[in-house]
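Below is one structure; the comments refer to it alone.
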Amino acid sequence: MSSILPDFDEKLVTAPVRFAGHSFMVLSTGALYWPERRTLILGDLHFGKAERVARRGGALLPPFGDLDTLARLDATLFFTKPACVVSLGDAFDDDEAGRSLARSVKARLAAIAKVSDWIWITGNHDPGQHDLPGDIMPELRFGNLTFRHKAGRGPDISGHFHPKTRIAGRAARALLVGETHMVLPAFGTFTGGLEMDHPELARLTGGGIAYAMGRKILRVPIPALPADTEPADEVPAAAAPDTTAHLPDPDPAPDAERTEGQP
């Protein structure tokens with residue numbers, strides 16, 4: 001691990017989850033892994049947030065947020081060894097933040113992105129281009145699933161809302177699973193978020209299950225949508241080419257132990 005990174009000393013734990021007919025693995029670092037496709041899925045990374053907030057005159061944030069995000073990302077990549085990584089948008093806090101990253105952070109991120117095939121889905125914070133390795137696209141469709149920044153027509157896997165819940169009085173990242181929507185928490189540090197029962201999220205995943213992430217992963221029921229509340233509109237997906245070829249072929253033995261050097 002690069003010397004610019006702090007140590008990640010938490011034990012990484014996992015929990016299985018089924019969605020839209022597929023088996024995934026929730027990771028306590030805040031990520032989702034799809035073993036069959038050897039694909040790691042990351043919610044909002046928000047690199048450069050402290051710089052963007054300071055630039056706009058907001059409250060100063062601790063300067064090590066990007067380093068902490070990188071340390072957890074390193075640990076997650078080491079554990080899963082993915083062939084492909086899908087970033088669900090808002091990888092950078094804005095386009096200028098992406099250009100203004102510390103050179104050591106950008107160099108490390110570029111090195112990470114060269115190891116696996118990266119797909120950078122654009123978000124509302126980072127609609128522009130960047131020069132990191134990988135493909136940039138507005139959304140990724142694969143079979144019956146769509147990967148996008150903000151939930152639309154399901155079944156889809158998205159980010160944007162930074163869902164969280166409270167466990168023993170403390171805030172915890174939460175991955176939310178509803179009937180047709182899965183919403184990932186923000187992977188980035190110091191990103192805040194919405195409570196899992198917030199109306200915006202209840203319309204998407206009310207009555208489903210939240211996976212609260214910490215030293216353990218806890219399954220927490222999400223309150224059902226009140227009877228007098230309209231569910232989320234199913235927004236038609238924008239026309240996009242089939243990008244099936246971007247994801248790896250199925251792993252012939254996804255549960256087998258991997259040896260060093262194998263994806």
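Everything numeric here is computed off the predicted structure, so don't read it as measured data. Positions are given from 1 along the sequence. Below, each value reflects all heavy atoms present in this structure, side chains not excepted, and no hydrogens, waters or symmetry copies.
Relative orientation of the W34 and F142 rings is perpendicular, given thresholds of 30° and 60° on the angle between their planes.
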Name every donor-acceptor pair, under 3.5 Å, that has one atom in a side chain of residues 12-24 and the other anywhere in the protein, sequence neighbours excluded.
| unit_1 | atom_1 | unit_2 | atom_2 | d |
| --- | --- | --- | --- | --- |
| R18 | NH1 | S23 | OG | 2.7 |
| R18 | NH2 | G21 | O | 3.3 |
| H22 | NE2 | N144 | OD1 | 2.8 |

Problem set entry | V220 vs M196, side-chain contact (heavy atoms from CB on, under 4.5 Å): CA-CA, chis, key distance, verdict | CA-CA 10 Å; V220 181; M196 67 178 187; 3.6 Å; yes
For this session: Walk me through it: do V85 and D117 pass the test side-chain contact (heavy atoms from CB on, under 4.5 Å)?
Result: CA-CA 6 Å; V85 179; D117 293 331; over 6 Å; no
For this session: Determine, stepwise, if the pair I119 / M137 fulfils side-chain contact (heavy atoms from CB on, under 4.5 Å).
Result: CA-CA 7 Å; I119 297 171; M137 58 187 67; 3.8 Å; yes
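Side-chain N or O atoms of R166 include none that pairs as donor or acceptor with a backbone N or O of A172 at under 3.5 Å. With hydrogens and angles disregarded, a donor-acceptor distance shorter than 3.5 Å links the side chain of T39 to the backbone of R37. In this structure, R141 contributes its side chain and T146 its backbone to no donor-acceptor pair below 3.5 Å. No donor-acceptor pair under 3.5 Å is formed between the side chain of R173 and the backbone N or O of G214.
Between T69 and G188 the shortest heavy-atom distance is OG1-CA, 3.5 Å. Across I209 and P221, no two heavy atoms sit closer than the pair CD1-CA, 4.1 Å. Here the closest heavy-atom approach between residue F187 and residue G43 is recorded as CB-O, 3.8 Å. Between G206 and I222 the shortest heavy-atom distance is CA-CG2, 4.1 Å.
A 4.5 Å side-chain heavy-atom check between Y33 and I41 finds every atom pair outside the cut-off. P82 has its side chain within reach of L77: a pair of non-hydrogen atoms, C-beta onward, lies under 4.5 Å apart. Taking 4.5 Å as the limit, some side-chain heavy atom of L88 sits within range of a side-chain heavy atom of I157. Within the 4.5 Å cutoff, the side chain of H149 has heavy atoms near those of the D44 side chain. By the 4.5 Å heavy-atom criterion applied to side chains, T205 and E179 are not counted as neighbours. Using a 4.5 Å cut-off on side-chain heavy atoms (C-beta onward), L145 and D156 make no contact. Between I121 and V86, some side-chain heavy-atom pair lies under the 4.5 Å cut-off. Under the 4.5 Å side-chain criterion, counting only non-hydrogen atoms from C-beta, I112 is not in contact with K114.
In this structure, the separation between CZ on F161 and CG on L184 is 13.0 Å, given to the nearest 0.5 Å. Note: R108 CZ to L67 CG = 12.0 Å, rounded to the nearest 0.5 Å. Distance CZ/R72 to CG/L45: 9.0 Å, rounded to 0.5 Å. Rounding to the nearest 0.5 angstrom, the gap separating the CG atom in L194 from the CD atom in E200 is 7.5 Å. Atom CG of residue L109 and atom CG of residue D74 lie 10.0 Å apart, to the nearest 0.5 angstrom. Note: L40 CG to T80 OG1 = 4.5 Å, rounded to the nearest 0.5 Å.
With sequence neighbours left out, the ring-ring contact (aromatic ring centres under 6.0 Å, His included) criterion links W120 to W118, H130. A110 is linked by a side chain to side chain contact (heavy atoms under 4.5 Å, CB included) to L132, P133, counting only residues two or more places apart in sequence or in another chain. Applying the side chain to side chain contact (heavy atoms under 4.5 Å, CB included) rule to A202 yields the partners L225; only residues at least two apart in sequence or on another chain are considered. Scanning for side chain to side chain contact (heavy atoms under 4.5 Å, CB included) contacts around S158 gives R148, A151, V183, with sequence neighbours left out. In this structure R219 satisfies the side-chain hydrogen bond (donor to acceptor under 3.5 Å, both in side chains) test together with Y211, sequence neighbours excluded.
When only modelled atom types and interatomic distance are considered, D90 and H160 share no side-chain donor-acceptor pair under 3.5 Å.
A side-chain contact (heavy atoms from CB on, under 4.5 Å) with M213 is found for exactly one of L218, T165, L175, T29, namely L175.
Judged by the 6.0 Å distance and 45° axis criteria, K81 is not positioned over the aromatic ring of F79.
Few gaps surround CD on E195; more than 12 heavy atoms of other groups in view lie less than 6.0 Å from it.
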